[in-house]
**Q** 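Provided herewith is a single structure, encoded as structure tokens, for subsequent inquiry.
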2 protein chains.
Amino acid sequence: MSRIERIGGAPTLEQVAAAAGLSRATVSRVINGSPRVTAEAVAAVNAAVDELGYVPNRAARVLASRRTQSIALVIPENTARFFSDPYFASAVQGAAMGTARTDYTLTMLITSESDPDKTRRYLRGGNVDGALVISHHSDDRSYVELGDELPVVFGGRPVGEGAERAYYVDVDNEEVAGMAVRHLASRGRRRIASIAGPQTMAAGLDRHRGWRLAVQEAGLEHGPEAVGDFTPEGGAEAMRALLASGEPFDGLFAASAQMAHGALGVLRDRGVDVPGTIGAVTVDDDYFARNAAPPLTTVRQPTVALGGRMVDVLVARIEGSEVPRVTIMPIELVERGSG
Amino acid sequence: MSRIERIGGAPTLEQVAAAAGLSRATVSRVINGSPRVTAEAVAAVNAAVDELGYVPNRAARVLASRRTQSIALVIPENTARFFSDPYFASAVQGAAMGTARTDYTLTMLITSESDPDKTRRYLRGGNVDGALVISHHSDDRSYVELGDELPVVFGGRPVGEGAERAYYVDVDNEEVAGMAVRHLASRGRRRIASIAGPQTMAAGLDRHRGWRLAVQEAGLEHGPEAVGDFTPEGGAEAMRALLASGEPFDGLFAASAQMAHGALGVLRDRGVDVPGTIGAVTVDDDYFARNAAPPLTTVRQPTVALGGRMVDVLVARIEGSEVPRVTIMPIELVERGSG
DNA sequence: ATGAAAGCGCTAACAA
DNA sequence: TTGTTAGCGCTTTCAT
């Protein structure tokens with residue numbers, strides 16, 4: 001042992017080795033769970049580790065092994081309301097909890113507007129083993145191409161150039177709309193209107209298409225349609241447009257609970273009874289759905305689980321396992337008072 | 001240059017040095033902004049960096065400099081609803097954005113129930129330079145002691161053993177309540193009831209005390225009081241208790257918008273007019289405050305900024321600057337329809 | 001102002 | 001199974 005004993009600070013592998021009467025290599029093997037060690041060695045190392053309170057130095061490990069054991073969670077800053085959106089908040093929570101179950105570390109990366117390349121440089125600089133990108137409510141798809149440089153998993157199907165190669169976890173958004181429409185049909189609604197999400201985003205597009213198809217398949221009529229931006233204000237405005245169109249409808253599919261919440265406010269102001277006159281079904285079981293008046297019948301997507309699954313898929317890819325490029329999470333209808 | 005040129009992968013400092021015709025040491029100085037380099041050296045290095053697309057390897061840097069340039073965001077897992085609470089979501093957002101402005105990296109640490117020491121080990125293992133702990137809605141104060149081992153900054157004044165040494169960023173919660181009560185007084189309310197938060201938490205305690213004092217100082221009467229758990233359900237239950245007490249009141253201070261939201265639901269069910277019969281003021285300008293019926297007059301605390309300030313304070317401490325142990329953020333009254 | 005050289009603490013061939 | 005020995009890519013004295 002050529003080095004001087006460290007006075008303060010954390011104990012090193014070398015000190016553990018000395019205490020256990022073994023070499024650093026063997027201690028390293030034990031720490032990393034290698035099968036090529038004797039039970040005695042394991043016991044001796046564990047004893048020494050406990051005694052010294054040894055904790056491996058992450059940086060040294062990363063440097064030597066060339067694996068960072070950490071993953072990035074990329075959050076587009078232009079999604080200003082990111083955290084006030086329950087979908088994001090839940091997905092982030094799921095990702096964080098999912099990461100905690102592994103030996104990986106989750107680094108939050110908010111893309112900076114002042115220096116847009118900062119995030120990209122960080123990701124390409126070998127600082128992480130992979131990245132999670134939650135792009136549900138954003139049309140920022142500039143990270144799709146990153147998938148060629150390191151493992152990336154998207155939350156929500158990305159759209160645009162190269163998206164057909166991207167790994168993602170999502171729900172079947174056409175089926176989300178279908179489930180909603182069929183429920184309205186089963187309640188006797190005949191003319192179903194739609195408040196769609198942005199048509200630049202997969203969730204907006206697919207739910208809208210799902211509405212169109214399901215209405216057709218159920219032999220119903222298409223009511224008027226309007227596009228919102230997934231916010232309550234957008235939903236309110238869309239509802240005004242629906243009413244202004246003059247086309248009648250007795251059912252409404254709103255592509256997000258936030259929009260439905262805003263839409264219901266407009267209906268209440270105009271004295272339109274829900275579910276009496278119009279039955280409404282939406283997507284997302286969050287506080288907007290639960291606290292609307294009346295509470296919203298909705299298609300629930302498992303957002304926390306979705307975030308967790310993103311981690312599972314990413315870690316599998318990092319560690320070289322085969323995983324399907326697309327993971328679809330189950331959905332379910334939650335009946336409440338709105339339709 | 002003894003090493004073999006790397007075929008793929010990121011370029012190294014050594015390659016930059018070769019390209020710039022300088023030593024690694026000088027390149028390192030330039031990269032780290034040392035003043036002891038000539039302008040020519042800076043130019044040469046920058047050119048080489050741009051040409052090669054060089055990005056420093058974080059692990060190597062950490063290992064050599066013994067500074068990790070990363071901070072942890074500790075989130076108690078028992079705060080199950082963490083992310084669905086707008087206060088937390090905003091504070092986390094602020095912290096993430098604040099970190100993005102620095103050269104630090106933010107690592108999310110959800111404390112695992114299955115292995116409660118995992119977080120602690122990670123923090124003590126020299127993996128981060130400091131930690132942020134947001135404990136507003138939690139009485140988990142087991143991280144106070146961590147402050148003795150590495151720089152820690154709390155969001156919300158911690159309570160319990162050792163808390164008097166803790167660095168934290170918060171609002172003046174007594175003043176929060178005072179502002180609310182004085183507003184009610186100015187609107188002619190004479191008997192002010194209180195729905196308090198958990199008395200195990202600073203925000204709960206201080207706002208309750210603030211209510212008591214302010215009512216006294218304004219020469220008003222104390223109406224009935226009840227304790228909730230900061231959730232809408234807790235607020236609803238507390239309101240039922242207030243009404244059941246039989247004590248009259250024409251003003252209400254609810255210590256959180258979530259509780260106020262729940263309380264107003266009960267009043268609406270019982271046909272009590274707000275603000276006609278009872279004027280209500282609360283805290284937090286979030287979704288719950290804005291979407292209650294009627295919308296809530298509330299004391300706004302700058303949660304996003306608070307999260308950002310936590311980072312500022314922590315970084316200052318890490319880098320050895322003097323910072324006040326306590327940082328108080330400004331608050332303001334937002335008038336809406338409830339009182 | 002610059003360079004040479006010695007590590008930071010660990011992993012991973014390669015030998016034994 | 002264990003130990004020896006090179007580094008991983010960077011920072012940082014210490015000379016020059």
Side-chain angles (χ1 to χ4, degrees), chain A residues 1-45 48-49 52-69 103 125-127 129, chain B residues 1-45 48-49 52-69 103 125-127 129:
Chain A
M1 187 161 123
S2 60
R3 292 171 216 182
I4 295 165
E5 288 274 345
R6 301 171 74 196
I7 318 282
T12 68
L13 229 201
E14 176 139 12
Q15 290 173 32
V16 175
L22 291 161
S23 72
R24 291 188 322 195
T26 300
V27 174
S28 176
R29 289 185 189 105
V30 172
I31 303 265
N32 292 295
S34 160
R36 312 153 84 75
V37 281
T38 59
E40 297 87 73
V42 172
V45 170
V49 164
L52 299 174
Y54 170 75
V55 181
N57 178 306
R58 190 161 242 272
R61 209 172 200 174
V62 168
L63 191 56
S65 68
R66 302 154 140 297
R67 272 174 289 112
T68 70
Q69 292 286 61
D103 283 330
N127 295 304
D129 292 336
Chain B
M1 187 160 121
S2 60
R3 292 174 216 178
I4 295 167
E5 288 273 346
R6 299 170 76 197
I7 318 280
T12 67
L13 228 202
E14 177 139 11
Q15 290 171 31
V16 174
L22 291 161
S23 71
R24 292 188 317 192
T26 301
V27 175
S28 176
R29 289 185 187 103
V30 172
I31 302 266
N32 292 296
S34 160
R36 315 154 82 76
V37 280
T38 58
E40 298 87 73
V42 172
V45 169
V49 164
L52 298 174
Y54 171 75
V55 181
N57 178 305
R58 188 160 245 271
R61 207 172 201 173
V62 168
L63 190 56
S65 68
R66 302 152 140 299
R67 273 174 287 112
T68 70
Q69 293 286 63
D103 283 329
N127 295 304
D129 291 335

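The chains referred to below are lettered A, B, ... by the order of the sequence lines, with proteins before strands, and numbering in each begins at 1. Model, not experiment: these values are computed from the prediction.
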**Q** I need the B:L52 CG to B:T12 OG1 distance, nearest 0.5 Å.
**A** 9.0 Å
**Q** Rounded to the nearest Å, what distance is computed from the CZ atom of residue A:R61 to the P atom of nucleotide D:dG9?
**A** 19 Å
**Q** Would you please name every residue forming a side-chain contact (heavy atoms from CB on, under 4.5 Å) with B:A48, sequence neighbours left out?
**A** B:V16, B:A19, B:A20
**Q** Which residues in residues 35-43 of chain A have at least one heavy atom lying under 4.0 Å from any atom of DNA chain D?
**A** A:R36, A:V37, A:T38, A:A41
**Q** Rounded to the nearest Å, what distance is computed from the CZ atom of residue B:R24 to the C1' atom of nucleotide C:dA5?
**A** 9 Å
**Q** Residues two or more places apart in sequence or in another chain: which of them pass side-chain hydrogen bond (donor to acceptor under 3.5 Å, both in side chains) with A:N127?
**A** none
**Q** For A:T38, check side-chain hydrogen bond (donor to acceptor under 3.5 Å, both in side chains) against everything at least two apart and list the hits.
**A** none
**Q** Sort me out a list of protein N/O and nucleotides 13-16 of chain C N/O pairs below 3.5 Å, or just none if empty.
**A**
unit_1: C:dA13; atom_1: N6; unit_2: A:R29; atom_2: NH2; d: 3.4

**Q** Give a yes/no answer on whether the side chain of A:T26 brings an N or O atom under 4.0 Å of OP1 or OP2 in D:dT2.
**A** no
**Q** Distance check needed: D:dG9 P versus B:I31 CD1, whole Å only.
**A** 15 Å
**Q** Round to the nearest Å and state the distance from B:D103 atom CG to D:dT11 atom C1'.
**A** 16 Å
**Q** How far does CD of A:E14 sit from OH of A:Y54, to the nearest 0.5 angstrom?
**A** 11.0 Å
**Q** Measure the distance from CG on A:N57 to P on C:dC8 and round it to the nearest whole Å.
**A** 11 Å
**Q** Closer than 4.0 Å, any side-chain N/O of A:R67 to the OP1 or OP2 of C:dA12?
**A** yes
**Q** Rounded to the nearest 0.5 Å, how far apart are CZ of A:R67 and CG of A:D103?
**A** 10.5 Å
**Q** For A:L13 and D:dT2, give me the distance from atom CG to atom C1', rounded to whole Å.
**A** 15 Å
**Q** If you only use heavy atoms from C-beta on, which nucleotide in D:dT12, C:dG3, C:dA12 is closest to the side chain of B:S65?
**A** D:dT12
**Q** Can you give me the bend angle of the helix from C:dA1-D:dT16 to C:dA16-D:dT1? Use the axis through the first five pairs and the one through the last five, nearest 10 degrees.
**A** 30°
**Q** What residues form a side-chain contact (heavy atoms from CB on, under 4.5 Å) with B:V62, not counting sequence neighbours?
**A** A:A59, B:R58, B:T68
**Q** A:R58 has an atom CZ; how far is it from atom C1' of C:dC10, in whole Å?
**A** 13 Å
**Q** Among A:T26, A:V37, A:I31, which residue satisfies the side-chain contact (heavy atoms from CB on, under 4.5 Å) criterion with A:V42?
**A** A:V37
**Q** My understanding is that only residues two or more places apart in sequence, or in another chain, count here; which of them pass side-chain contact (heavy atoms from CB on, under 4.5 Å) with A:V55?
**A** none
**Q** Counting heavy atoms from C-beta on, name the nucleotide in D:dG3, C:dC10, D:dC10 closest to the side chain of A:S23.
**A** D:dG3
**Q** So, is B:S28 near the phosphate of D:dT11, with a side-chain N or O under 4.0 Å from OP1 or OP2?
**A** yes
**Q** Which residues pass the side-chain hydrogen bond (donor to acceptor under 3.5 Å, both in side chains) test with A:R29, sequence neighbours left out?
**A** none
**Q** For the residue pair A:L63 and B:A60, what are the closest heavy atoms and their distance?
**A** CD1-CB, 3.7 Å
**Q** Is any side-chain N or O of A:R66 closer than 4.0 Å to OP1 or OP2 of D:dG9?
**A** yes
**Q** Once side-chain contact (heavy atoms from CB on, under 4.5 Å) is applied, do any residues pair with A:A64, and if so which ones, sequence neighbours excluded?
**A** none
**Q** Roughly, in whole Å, what's the span from CG in A:L63 to C1' in D:dC8?
**A** 4 Å
